[in-house]
Amino acid sequence: MSNASIVISGSGLYTPPHSVTNEELVDAYNRYADKFNAENAAAIEAGELAAKPHSSAEFIEKASGIKSRYVFAKEGICDIDRMAPVIPQRAEDEMSHQAEMALAAAKQALAAANKKPEDIDAVIVSCAYTQRAYPAIAIEVQAALGIAGFGFDMLVACSAATFALHRAYDSVASGSARAVLVINPELTSPQLNYTDRDSHFIFGDVATAMVVEKAETCTSQHSYDILDIKAVTSFSNNIRSNFGYVSRAHGDDPFGPANLFHQNGRSVFKEVCPMAADHIGGQLEAKGFTPADVKRWWLHQANINMNNLIVRKLLGRDADAEEAPIVLDRYANTASAGSLIAFNLHHEDLAAGDLGVLCSFGAGYSIGSLLLRKR
Ligand code: CO8
């Protein structure tokens, strides 16, 4: 596919007001583990239960590159009698939490794209989880912004944002929408098992948004031709969340550990890195480019060692912080939004003609990428 007439014309980023450091999380987890071990001493002694080992802030930073994360609600996360954020249910005539996050990012993206609600024909909310099945969060945001046309939600875990940008591209290319607003309100903290040492540190909350339109309607200061889109999925159980509407019918705890986020992190690392490098390398080659032509790598933000390895496989050398910006140190893994945060914070300095790769990789497995050229 080759079509330089469709562009990303604006992006937005909502960063929640609270941050939680590794030290805060580890302190809470370790106090929780000590309490758990004391309360279950007899069962642990009898070999019926495994003792909970301590977590460590040094391990987290070394193994993942994460130093802190933003959260929509901080209360409750470090309370060892709760180990989950406190996000009270809202009345049905109040805006939902996810729509609130989405709206903040969407307004920024519209402003950056120099677009008014009447210029937009479609709203896609795409993320790892939506807080309800219907009515769609996208339609709630569409109404709040006063956008005519249509909206829908879609879920593709870590690749939700890039896959939604692909759908936006297709919609504009086909003429079914003049401009599409893509929003990724990643409210991950309620799905994180803060009592699990292997994963309690991984995720943070954020919302990102982008506007996709035809080049001929674009009036924004910073815009990017979408030179190519490419997606692939390959089934894997290595990253999984079983929570869903059928959980109630199973008769088990819908919020039990098996239903929250869990993964085999080592296997993910080993399997996804070569997949992502091959995917990007193949896409560049098919369009007549080499990795050396790429000025900026806006990569998925799950683990700094994954990013370093993938870029090293492609470039044959380490990339510097300017070439392949890292935001997971501050934001942690934000499911599908990571590569878009990197874009949002690190794109304005590019010169006209500079090439960039925006790529997500994760659960599914799923990989979604876009080749972008600054206009
Ligand atoms: N503190 C101290 N020690 C620890 C901790 C901890 N917190 N955790 C593990 N250890 C120990 C282990 O027990 C192990 O000890 P031993 O060697 O004695 O057995 C040792 O440290 C090494 O453990 P691991 O092998 O597990 O550690 P790794 O070096 O592999 O690092 C990572 C773990 C950081 C998880 C790493 O494997 C990783 O990042 N992998 C990639 C994972 C990834 O990218 N996942 C993507 C998931 S996100 C996604 O796809 C979207 C899902 C949708 C969103 C969900 C929202 C909630």
Side-chain angles (χ1 to χ4, degrees), residues 22-30 32-33 50-67 69 71-72 77 84-85 98 126-131 155-163 184-206 233-244 255 257 259-276 299-310 326 328-329 331-339 359-368:
N22 288 349
E23 288 73 17
E24 286 176 280
L25 263 192
V26 165
D27 172 65
Y29 169 86
N30 288 347
Y32 170 86
K52 283 198 176 278
H54 272 193
S55 183
S56 120
E58 296 72 42
F59 169 87
I60 294 169
E61 188 174 338
K62 189 162 174 283
S64 70
I66 297 167
K67 296 179 186 165
R69 68 285 296 140
V71 288
F72 185 73
I77 289 175
Q98 242 178 335
S126 193
C127 43
Y129 301 92
T130 50
Q131 74 181 90
L155 309 179
V156 201
C158 284
S159 289
T162 53
F163 276 41
N184 324 101
E186 292 290 9
L187 183 52
T188 64
S189 53
Q191 253 289 305
L192 194 47
N193 183 353
Y194 289 102
T195 72
D196 172 37
R197 182 180 78 146
D198 290 353
S199 62
H200 74 119
F201 58 89
I202 293 182
F203 290 97
D205 301 330
V206 80
T233 52
S234 171
F235 187 70
S236 167
N237 276 320
N238 281 331
I239 311 168
R240 195 159 167 135
S241 156
N242 292 319
F243 175 78
F255 309 105
N259 287 330
L260 299 176
F261 167 89
H262 54 281
Q263 71 167 350
N264 184 346
R266 269 282 156 99
S267 301
V268 173
F269 197 109
K270 268 204 230 133
E271 291 167 16
V272 169
C273 287
M275 262 179 87
L299 296 184
H300 187 61
Q301 305 279 320
N303 180 305
I304 194 171
N305 301 315
M306 286 178 95
N307 289 29
N308 290 344
L309 182 61
I310 290 166
I326 293 295
L328 60 81
D329 52 347
Y331 283 85
N333 184 338
T334 49
S336 77
S339 57
C359 185
S360 66
F361 35 84
Y365 297 132
S366 59
I367 302 181

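Just so you know, ligand 1 is whichever comes first in the structure, and atom 1 is the first atom listed for that ligand. Atoms considered below: every heavy atom in the structure, side chains included; atoms not considered: hydrogens, waters and symmetry mates.
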Next item on the list: Take Phe261 and Ile239 through the side chain to side chain contact (heavy atoms under 4.5 Å, CB included) test and state the conclusion after the steps.
Entry: CA-CA 7 Å; Phe261 167 89; Ile239 311 168; 3.4 Å; yes
In ligand 1, which numbered atoms sit nearer than 4.0 Å to a non-hydrogen atom of [X]?
X: Ala335; answer: 54 (C)
X: Ala128; answer: 53 (C), 54 (C)
X: Gln191; answer: 57 (C)
X: Thr188; answer: 56 (C), 57 (C)
X: Val268; answer: 42 (C), 43 (C), 44 (O), 45 (N)
X: Asn303; answer: 34 (C), 36 (C), 38 (C), 39 (O)
X: Ile239; answer: 46 (C), 47 (C), 50 (O)
X: Ala302; answer: 44 (O)

Among all the protein's non-hydrogen atoms, which is closest to [atom], and how far away is it?
atom: atom 15 (O) of ligand 1; result: Arg197 NH2, 4.5 Å
atom: atom 21 (O) of ligand 1; result: Phe59 CE1, 3.0 Å
atom: atom 30 (O) of ligand 1; result: Arg266 NE, 2.8 Å
atom: atom 1 (N) of ligand 1; result: Ser56 N, 3.1 Å
atom: atom 31 (O) of ligand 1; result: Ala63 CB, 3.7 Å
atom: atom 48 (S) of ligand 1; result: Asn333 ND2, 3.2 Å

For [atom], which candidate among [options] holds the nearest heavy atom?
atom: atom 49 (C) of ligand 1; options: Cys158, Ser55, Ser360; result: Cys158
atom: atom 40 (N) of ligand 1; options: Gly265, Pro190, Ser336; result: Gly265
atom: atom 43 (C) of ligand 1; options: Gln263, Lys62, His262, Glu58; result: Gln263

Check: Would a distance-only check, ignoring hydrogens and angles, find a side-chain to backbone donor-acceptor pair under 3.5 Å from Asn22 to Glu58?
Finding: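 Not confirmed, Asn22 side chain does not pair with Glu58 backbone.
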Decide whether [X] and [Y] meet the rule of one side-chain donor and one side-chain acceptor closer than 3.5 Å.
X: Asn303; Y: Ser64; value: no
X: Ser189; Y: Asp205; value: yes
X: Asn242; Y: Arg240; value: yes
X: Asn333; Y: Arg69; value: no
X: Ser199; Y: Gln263; value: no
X: His200; Y: Thr195; value: no

Notebook entry, point to check: Would you say Gln301 and Ile326 make side-chain contact, with heavy atoms under 4.5 Å?
Noted result: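 The answer is yes; the side chains approach within 4.5 Å.
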Checking the N or O distance criterion of under 3.5 Å, is ligand 1 in contact with [X]?
X: Ala363; result: yes
X: Leu192; result: no
X: Tyr129; result: no
X: His54; result: no

Notebook entry, point to check: Passes side chain to side chain contact (heavy atoms under 4.5 Å, CB included), Leu299 versus Ser339? Steps please.
Noted result: CA-CA 5 Å; Leu299 296 184; Ser339 57; 5.8 Å; no
Notebook entry, point to check: For the ring pair Tyr29 and Tyr194, is the centre-to-centre distance below 6.0 Å?
Noted result: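 Not under 6.0 Å, so no.
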Check: Are Tyr29 and ligand 1 in contact, using a heavy-atom cut-off of under 4.0 Å?
Finding: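 Contact absent.
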Next item on the list: Go through the steps to decide whether Leu187 and Tyr129 satisfy the test side chain to side chain contact (heavy atoms under 4.5 Å, CB included), and finish with yes or no.
Entry: CA-CA 7 Å; Leu187 183 52; Tyr129 301 92; over 6 Å; no
Notebook entry, point to check: Taking only residues two or more places apart in sequence or in another chain, which ones pass salt bridge (Lys or Arg N to Asp or Glu O under 4.0 Å) with Glu271?
Noted result: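 Listed in chain order: nothing, the list is empty.
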Notebook entry, point to check: For atom 26 (O) of ligand 1, is the nearest protein heavy atom under 4.0 Å away?
Noted result: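 No; the ligand atom in question lacks any protein heavy-atom contact below 4.0 Å.
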Notebook entry, point to check: What do you think, any protein heavy atom under 4.0 angstrom from atom 17 (O) of ligand 1?
Noted result: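 Given the 4.0 Å limit, the answer for atom 17 (O) of ligand 1 is no, no protein heavy atom qualifies.
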Note to self: Working note: Tyr32 + Asp27, criterion side chain to side chain contact (heavy atoms under 4.5 Å, CB included); need CA distance, chi angles, decisive distance, verdict.
What the structure shows: CA-CA 9 Å; Tyr32 170 86; Asp27 172 65; over 6 Å; no
